Amino acid sequence: MGDVKDTYREGEQTAKEAARRADGESLSDDVGNAGDEIRKQLGNAGDDVDDAAGDTGAKEAMRRSDGDDSLADKIGNAGDDLRR
């Protein structure tokens, strides 16, 4: 799933940069592009951490820590199982 999100973020950033270039270059365009790059990199890093946590079973353990009785816990665990 992370690869899909990475690809989407890359396309989104490229489209924004192209739109900013359409009316010429400016300092605000450079700042916007830098902000978009940072957001993309942080999103990708977050996905990597989330994937690693899912691979170790940390999410399921956290959900079970309070009794694993809530509907939200069961749905979360089922979603994690489907992603694997």
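The shown structure was predicted, so the numbers you read here are calculated from the model rather than taken from an experiment. Along the sequence shown, residues are numbered consecutively beginning with 1.
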Steps toward side chain to side chain contact (heavy atoms under 4.5 Å, CB included) verdict (D29, R21): CA-CA 8 Å; D29 291 343; R21 279 194 304 269; over 6 Å; no
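Under a 4.0 Å N-O distance rule, the pair D6/R9 qualifies as a salt bridge.
Put simply, CD on E17 and CD on E12 are 11.0 Å apart, with the number rounded to the nearest 0.5 Å. The CG atom of D47 sits 11.0 Å away from atom CG of L42, with the distance rounded to the nearest 0.5 Å.
When side chains are defined from C-beta on, R20 counts as touching D36, because their heavy atoms get closer than 4.5 Å.
For E10, the side-chain contact (heavy atoms from CB on, under 4.5 Å) partners two or more places apart in sequence, or in a different chain, are Q13, T14, K40.
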